[in-house]
Amino acid sequence: MTLQSSSRDSLKKSTEAVHEEHDAKHYGAVKMPIYQNSLFTYSSYKQFISAMGGQPDTYIYSRVNNPTVNVLEQMLAKLEGGEQARCFTSGMAAISTAILSTVKTGDHVICIDHAYSPAKHFLNSYLKRFEIENTFVSGTSITDIELAIRENTSLLYMETPTSYFHELQDLQACASLAKRAGIITIVDNTWATPMFQNPLKYGIDMVVHSTTKYISGHSDALGGAVIGSKEMIQKLEYTSLGSIMTPQIADLTMRGVRTLPVRMKTHQDTANKLAHFLQSVPHVRTVYYPGLPSHPQHELALRQMQGFSSLVSFETDLSIDLMQEWADSLRLFRIGVSWGGYESLVTVLSMPESSGSLVRLYLGLEDPEDIISDLTTAFNKLILRDR
Ligand SMILES: Cc1ncc(COP(=O)(O)O)c(C=O)c1O
């Protein structure tokens with residue numbers, strides 16, 4: 001009798017995240033070294049010409065290709081289940097390069113209305129210069145998306161879940177609708193990370209990430225990635241747009257990837273505890289978190305996601321001024337817009353239509369009991385003041 005072993009093809013994501021295939025060429029260095037050089041030189045013209053001709057495993061110039069960046073790209077492609085990835089200087093560089101590869105003058109783009117606002121701005125202002133029109137739709141209804149399709153629609157741009165109200169798009173339904181209509185699909189998967197959602201497996205054409213967030217994970221490395229089939233990635237105009245990731249940032253990002261699986265488990269556990277806790281707090285009208293059974297798209301979330309990260313929002317019946325004071329009184333939360341690092345963050349927005357406020361918490365890696373205690377102290381101050 002022999003013991004069953006799993007093949008290399010069926011490794012779990014947490015194993016893939018800590019295995020890079022580079023050892024043979026780098027003297028057994030445990031991690032991929034940083035190739036901190038802008039160019040690669042050759043001692044004979046014959047070798048140089050063969051490198052310029054695209055000979056595999058040869059490099060010319062780091063704005064085009066760099067071994068350290070390439071290893072990160074291979075790791076991300078594997079984790080997302082894509083054939084190839086390209087890494088960029090920021091999430092926005094990844095997003096704008098991916099969008100530009102799918103549109104031409106006279107086209108029309110459908111985008112969900114709660115997508116990351118600079119991505120919407122890119123569609124709404126920059127692309128308008130090239131007579132590329134757009135329609136913004138809620139994204140929670142496939143019918144709305146279908147109704148927005150025109151003869152000249154070339155791209156459906158999505159972000160699921162969205163980062164303030166955590167709304168979802170049905171990936172399978174959107175991919176098959178778009179395929180029938182000959183439309184390319186892009187999904188921003190930054191919220192869920194490759195650990196908790198893999199849009200390509202539902203037929204989505206390209207996934208974009210701000211690696212600045214959970215993937216690098218330490219609030220010290222701006223970056224982005226586009227992942228898809230070889231055909232899609234080779235169409236990206238990255239060399240002339242010139243926003244390729246640098247080797248040092250690739251190294252920091254790779255370090256983040258290695259601990260991504262364990263960090264995401266902790267983020268998920270903390271967010272789950274916090275979302276349930278917030279439901280019991282006076283003045284909290286609604287808690288927005290797709291991991292909660294009360295979320296209107298919870299069933300869809302269970303169908304297309306393998307877990308939930310740690311952005312949790314809640315609506316209160318209190319004014320933005322009061323909730324900003326509440327945010328000031330928190331000890332463990334810093335006030336700031338980004339997320340995905342070790343530190344918890346808070347932002348407060350107004351909800352003019354309901355005269356209340358929306359609070360978004362990003363839950364870092366602190367102990368959940370300490371976070372709950374910090375929030376409780378701040379809520380108690382508010383409640384006492386309200387009497
Ligand atoms: C959902 C989402 N996508 C993309 C981006 C852009 O990423 P970057 O800041 O790395 O350009 C952000 C940034 O906050 C984001 O929240």
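When a ligand or atom number is given, it counts from 1 through the structure's own listing order. Note that the structure is a prediction, hence the values are computed from the model and not measured.
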query = Taking all atoms of both residues into account, what is the closest heavy-atom pair of V287 and A275, and its distance?
reply = CG1-O, 4.0 Å
task = Please write out which residues are connected to I149 in a hydrophobic cluster, directly or through intermediates, given that two of Ile, Leu, Val, Met, Phe, Trp, Tyr count as joined at side-chain heavy-atom separations below 4.5 angstrom.
result = I110, I112, V137, I142, I145, L156, M158, L171, L177, I183, V187, Y202, I204
task = Answer yes or no: are there more than 12 heavy-atom neighbours, outside K201 itself, under 6.0 Å from its atom NZ?
result = yes
Pairs meeting criterion side-chain hydrogen bond (donor to acceptor under 3.5 Å, both in side chains) with involvement of residues 118-129, two or more places apart = H121-S125, N124-K128, N124-N134
Just the distances, no angles: every ligand 1 N or O to protein N or O pair closer than 3.5 Å, one line each.
unit_1	atom_1	unit_2	atom_2	d
ligand 1	3 (N)	D188	OD2	2.6
ligand 1	7 (O)	S210	OG	3.0
ligand 1	10 (O)	G91	N	2.8
ligand 1	10 (O)	S210	OG	2.9
ligand 1	10 (O)	T212	OG1	2.6
ligand 1	11 (O)	G91	N	3.0
ligand 1	11 (O)	M92	N	2.8
ligand 1	14 (O)	Y116	OH	3.4
ligand 1	14 (O)	K213	NZ	2.8

query = Taking the six-membered ring where the residue is Trp, are the ring centres of W191 and F196 under 6.0 Å apart?
reply = no
request  = Using side chain to side chain donor-acceptor pair (under 3.5 Å) as the criterion, list what pairs up with D251, not counting sequence neighbours.
outcome  = K31
